[in-house]
4 protein chains.
Amino acid sequence: METEQDTYPPAAPPGDLTTAVTAPGAELLTLLDRHLPRIRAEAAPNDQDGTFPAETFRGFARDGVLGATVPAELGGMGVSRLHDVAAALLRVAEADASTALALHAQFSRGITLTYEWLHGPPPTRKLAEELLRAMARGEAVIGGAVKDYGREVTRLRPDGSGGWLLSGRKTLVTMAPIATHFVVSAQAPAAGGTTLLYAPIVARDTPGLSIVDGWTGLGMRASGTLDVAFDDCPVPAGNLLARGSVGVHSDAVLAGQAVSSVAMLGIYVGVAQAARDLAVDTLARRSATPPAASRTLVAETEARLYALRATASAALVNVDELSPRHDMDPDERGRRMMTPFQCAKAMVNQLAAEVVDDCLTVVGGATYAAEHPLARLYRDVRAGRFMQPYTYADGVDYLSAQALGLERDNNYVSLRATRPADGQLSDRGIRLPAHGS
Amino acid sequence: METEQDTYPPAAPPGDLTTAVTAPGAELLTLLDRHLPRIRAEAAPNDQDGTFPAETFRGFARDGVLGATVPAELGGMGVSRLHDVAAALLRVAEADASTALALHAQFSRGITLTYEWLHGPPPTRKLAEELLRAMARGEAVIGGAVKDYGREVTRLRPDGSGGWLLSGRKTLVTMAPIATHFVVSAQAPAAGGTTLLYAPIVARDTPGLSIVDGWTGLGMRASGTLDVAFDDCPVPAGNLLARGSVGVHSDAVLAGQAVSSVAMLGIYVGVAQAARDLAVDTLARRSATPPAASRTLVAETEARLYALRATASAALVNVDELSPRHDMDPDERGRRMMTPFQCAKAMVNQLAAEVVDDCLTVVGGATYAAEHPLARLYRDVRAGRFMQPYTYADGVDYLSAQALGLERDNNYVSLRATRPADGQLSDRGIRLPAHGS
Amino acid sequence: METEQDTYPPAAPPGDLTTAVTAPGAELLTLLDRHLPRIRAEAAPNDQDGTFPAETFRGFARDGVLGATVPAELGGMGVSRLHDVAAALLRVAEADASTALALHAQFSRGITLTYEWLHGPPPTRKLAEELLRAMARGEAVIGGAVKDYGREVTRLRPDGSGGWLLSGRKTLVTMAPIATHFVVSAQAPAAGGTTLLYAPIVARDTPGLSIVDGWTGLGMRASGTLDVAFDDCPVPAGNLLARGSVGVHSDAVLAGQAVSSVAMLGIYVGVAQAARDLAVDTLARRSATPPAASRTLVAETEARLYALRATASAALVNVDELSPRHDMDPDERGRRMMTPFQCAKAMVNQLAAEVVDDCLTVVGGATYAAEHPLARLYRDVRAGRFMQPYTYADGVDYLSAQALGLERDNNYVSLRATRPADGQLSDRGIRLPAHGS
Amino acid sequence: METEQDTYPPAAPPGDLTTAVTAPGAELLTLLDRHLPRIRAEAAPNDQDGTFPAETFRGFARDGVLGATVPAELGGMGVSRLHDVAAALLRVAEADASTALALHAQFSRGITLTYEWLHGPPPTRKLAEELLRAMARGEAVIGGAVKDYGREVTRLRPDGSGGWLLSGRKTLVTMAPIATHFVVSAQAPAAGGTTLLYAPIVARDTPGLSIVDGWTGLGMRASGTLDVAFDDCPVPAGNLLARGSVGVHSDAVLAGQAVSSVAMLGIYVGVAQAARDLAVDTLARRSATPPAASRTLVAETEARLYALRATASAALVNVDELSPRHDMDPDERGRRMMTPFQCAKAMVNQLAAEVVDDCLTVVGGATYAAEHPLARLYRDVRAGRFMQPYTYADGVDYLSAQALGLERDNNYVSLRATRPADGQLSDRGIRLPAHGS
């Protein structure tokens, strides 16, 4: 997929996330600029009501944004560098983080399905190609459904005729209101007591699938984050992506997990950038001399934001460089993609939250109104710590194990499958018909 | 007002804010315990809808809680130590911070009106006595209206017959839905170009007064925080408390400002305590071994919470000890009350926010739902930095000026009157009839 | 030992560590003031050469300072509150932290031997009385020798005639150059595979005892910290204090461990106070307007220092209050003394180091000279984290176990005895004759 | 100076400072590897005694390291990218920060003299060429003498025959024991009350020049940091580099100031890397399971170190990219080089110090011995905050002024010339004959 255009343009400063490093990436940024005024204008009301920006996504479908990460051969824009995906998400997140979070789901699916199309077994390649072409046409919108709801476990069982039946419930599924398909994390018992992990791809109109409303977030409220329930949904064998087995300690899977999620760093850099711009603009417009504390906080903000961009950018390019390295040991490759991502994630989560917090302090009590943009950013930025992989606790275990040479299962999907559930959520959701939203 | 009972009971551990140091304080805690189940139960729905806990306050009126800080001679409970006021607010804030914030307004008014009753000029004494007696009967609810709305300046002008007319608009007035009176910060021009500062006490049914709805907060959403507008409201001369002049650099006023606000420290300690209890309970109930990061965060939380309590407690007792010291130079007394308060406020704002943030991390993604109690605490705790006196920026200027011997106007009301307005709020509120809420 | 004078004087502000809460404590402060000029003057040269302030300690002996914590009945000054011990150490540490650290060893021994004198078995009482009387006369100087050197284990074995022989090597023994006795942590095998813990008291001129020179510290260089080696030193049975058994999980011992060490908090508050005073004085003397960053750092320093004092003070008074509570369950008492101490220690170690660091930044490059007092404080303050009980890692384990209800051995001496040694030190010391220093 | 080899090798991961981005840079790293064992071995004793590693620098001279940044055309190694200079300094600093700091002076001089050789006026070009050729031969060692001693001002006055006489005293001159020349910051009065700034280059054997011993540092003790005094030293007109005028607010000079100093970021990243390696190695060798706190600190350290490298690397490449951009507005170019440097410097100073501090905590009390490598790193890392440009306070003023559009003099040499002196140092140095060391 490397083309002549796919090179570093001279204008791209290193450590920067505001410009793209490939031509398709730059084209995506230009395309998104057309949508920013609407995204910016809708951010506050959508946050207030928890409304998904459906009209914006219809525009994304029309303009090909939903196929941004689909290869050009399949009709997409051909953005293949995660750096550029993150730069695009950063720009959207400056206007509205929720929109960026939902869009990330689609971008991420384009990247991972392209990998399946290039490297998967033949039936998967065919499925991936169909989906990618539909994404490029703006017809397929593919959400990820990873986290099990409460103590439930999402399971596949054979339907007796070569296919599978999927049951369970997933929570925190972003972009759910418009998703046409879901890539679901599920497990299936296998011979010898092993538990296999799969990612079945399930169309929204599959019998037994229902969208469950009820979640409203502290932040990221317009991201269309809902629950999806499966009640013996039929899944053809060809729609199953293999994802290893529980408890096997394979680090090869870390590559795909890093690739799926690392571009989200751009979202939190965008949130911090938006907070900084609001604070600096407000302070600069005031007629009074800025007080000592504000100058100190502004300077610290500038430094942190620079570090945020540089650190996220480095992790993205690290992942981009290792992504095509199929010559390497796959476990080693997985770790070498995950480690920089986790280092950057830890710092981004900390520094972006500090930036937003200091910006509230600089602007003052006016930010404590629910509708103030900084109040929204204060709630949105907190999502970062909860994004997988990993949670903060798992990130500490992973990074310290890597440094100290300790053995552990680094696959968070497998790890979860072996952990006692926390049962932190009681069932308060309301089942909606799948097409009702 | 010191009585035999008014001594340190042996059970009160130093550095503690969970028990009272006087008998009336202990009685107040007992009384409040009866209200906690309702307060706790209503915290989530009131936060969601921004509803003021009117029924709880009716209960407070019935039980004498609204007269807690009124002297026993005037029918009140006679809680006179700010330490005990803060302990009471802490306990309420553990159940609901908004309720505590609203209640603080009434407690604070009881303390300052008692001071006027004891030390004010004769007409003020009379007014104070009437109000205090009405507070003790649960009939007077007295809000404070300090912060001007946008660029407006709240002003008094002579009515030509010995009284005054008040005009302007105040924002962030807590407990406004049920307040029967407001103590308003206002200025009036005087001979020789001076601007005098006053605190007129205005009854809610005064002609020209209207309650302006429209504010919804990032947090503290059930605290009944609204705007109050004044349009040539008549104020009898006897209802004016003198508050010095603009630009005079009198530090004597710091005493009253410290006394009015220092007990709010208890609210933020209560918020942190509630967050800690939720996190520790959740983690302790999980069957899995706590991960390394969670143990580290829990230990840091324990240490910070201890420091929070000790620091807030020390500042409260410092203010309590200096409060009756009328033998001292009044400027010196003002500074010696304000400085510990500001030190404690800076630490409480920082440490309480860190505790809440770490507790979200320990509990995990479940806290990112709007209705999770930790999500509410994350929004509530952020109010601390914006409470007067001082903002963070003014706190830095004050504390560094004290340390370095720099001259400045430490009266934030006066300072504001001389500062160019920031104009951060456009008029989006809707005027409501004064009795409509 | 409570006397009429032993009450809170009205002048002692709460949360304060600069004044004493008992009359003997106040007397000690006055006595120490006479020594401060010399201590202050010698701080820099003694730090540079690693010289113990022997002349200062001769003065302490002469004036009764070495018997400050010996009961008045035995000829001492009768300082019994740890708050006042810490206040005294704070004052000395402002002049020189090393001197305070060495003096703490003697003060701590007075407190714990007084406990033995009051509550120990008859032979121990007799020994304690003799030592306490000698301390009061300035003739006994009693160091503590807790930490084993490298992988060595200090052990007692029966001498066959009712006494014991002690062998091993202790490191980081403070005040060693002038100590006349050492209280040593040692273990002895007992019937049934148990290992008993003892604290033998060994006179310096005991055959087989040698002082091993060689340690020079990053900081606290004038504290007379050396190694002490024991080669079959005879110890009479009456000189053995019982300290429980390895692995028994008895929390009763935490009381003694807290009492022995909690007053050291005063040292680090003193270090922070000295740093603050240097920075503020330097900045205030400069003719230029203080820059924004300096004002912010000074304000943060004021707030942290206030929190340091309040937090340390609260922990000290907590321990003082529980110390005489022999009615309580001894395990519960142990934990309730240790927990506040550990919370305060974690905060003091963090905040004091931040204060010193910011003070270097405020004063600037001049502080980076070896002989600058802030350079010394930067090195001295770092000792806090390493003081027992506990190390930072053990403190995290302790506090999180307490919060989460996890079982562990909280006795660090026992814990160490069961842990694989780290072997972090190779033998580079040089044996000196015991009387050579 | 761009050659075919001067391109990014495929192996250089982005955000990395451990490999070079040009062939000459890679060659320098290889060359330095030969010297690392000696540097590592001498680090502890040189730190202890404050001895300059003269033998190492003789080796550097022999191998061409002292001409690393001299263009190949003039006999040097041709390392022209500051990224690669920083990577070299990082590697040396991992072994010994003092050696790296001294070496930086020579590397920096090579870069700036190359600029003079290419872009300076004809007489300067000639001088620069001679010096560069001598550096390449290992014969010229050129120190920088910027900071005035105490209240002294280093001044040039005309000698009446077209040359100049230099008088004053400079402090904190690194690499002084072996320097053959000094580039000195000096001022000279000019017509119309202007004060011009110059950088005269003065040979060590110039009459009137003396090396003043006396400084011993908190850290960086083997960096050969001394004072240099000038007493009417004759300076030929051709040896003067023009550096603008006092108070002119020219930002063009920021380019040279950034180029001279930005590579020092590598030193502090190296210090942090060395601390991390020591801590991780020590912990990994212990047989016990790492405690929760250590795992958390190790994970935080990994994340911070990644951010350190990425942030420093981004700033270095930013400066490298703008360095040849003579088409830009020179003020704009100056600011765009200085801003990323200052952002990175603020973060590096904070994060590197945190890494070192946490590593001491992880390893424990053994690090508190003066000779422990972590104790040295704890002292060395603190130098970062004091390195120009800028001090922390000036950095806050600069970054906040840039963000808020405030006018100020960003040239720290000019700024100093207009500031009242702090007079923080009294004269305690001892004059040595210039050739005596």
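Note that this is a predicted model, so its numbers are computed, not measured. Values below: every heavy atom of this structure, side chains too, minus hydrogens, waters and symmetry copies. To find a chain, count down the sequence lines: A is the first, B the second, and so on, and within it residues start at 1.
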Checklist entry - Among A/Ala403, A/Gly395, A/Ser400, which residue forms the greatest number of heavy-atom pairs with chain D at distances under 4.5 Å? => result A/Ser400
Item to check | Counterpart residues, side-chain hydrogen bond (donor to acceptor under 3.5 Å, both in side chains), relative to A/Ser261 (two or more places apart) | outcome: none
Next on the checklist: Please classify the contact between A/Pro290 and chain D as side chain, backbone, both or neither, with a heavy-atom cut-off of under 4.5 Å.
Outcome noted: side chain
Checklist entry - Quick one: what part of D/Arg285 sits under 4.5 Å from any heavy atom of chain A, side chain, backbone, both or neither? => result neither
Checklist entry - Can you pull out the residues in residues 347-359 of chain D with any heavy atom less than 4.5 Å from chain A? => result D/Met347, D/Gln350, D/Leu351
Item to check | Segment of A/Asp397 engaging chain D (4.5 angstrom heavy-atom cut-off) | outcome: both
Checklist outcome for this item: Listed by number, the residues in residues 292-300 of chain A that come under 4.5 Å of chain D (heavy atom to heavy atom) are A/Arg295, A/Thr296, A/Val298, A/Ala299, A/Glu300
Next on the checklist: Using 0.5 Å steps for rounding, measure from the CG atom of A/Asn318 to the CG atom of D/Asp16.
Outcome noted: 8.0 Å
Checklist outcome for this item: Applying side-chain contact (heavy atoms from CB on, under 4.5 Å) to A/Ala346 and not counting sequence neighbours gives D/Ala303
Item to check | Proximal component of D/Asp320, with respect to chain A [non-hydrogen, under 4.5 Å] | outcome: neither
Checklist entry - Judged by atom type as modelled, is there a donor-acceptor pair below 3.5 Å linking the side chain of A/Tyr306 to the main-chain atoms of D/Gln342? => result no
Checklist entry - Top residue by heavy-atom pair count (under 4.5 Å) with chain A, among D/Ala344, D/Ala315, D/Gly405? => result D/Ala315
Checklist entry - Of all of D/Ala393, D/Ala312, D/Ala310, which one pairs up most often with chain A through heavy atoms under 4.5 Å apart? => result D/Ala310
Checklist entry - Contact part of D/Ala401 toward chain A, heavy-atom cut-off under 4.5 Å: side chain, backbone, both or neither? => result both
Checklist entry - What residue, out of A/Leu283, A/Asp281, A/Leu322, has the most heavy-atom pairs lying under 4.5 Å from chain D? => result A/Leu283
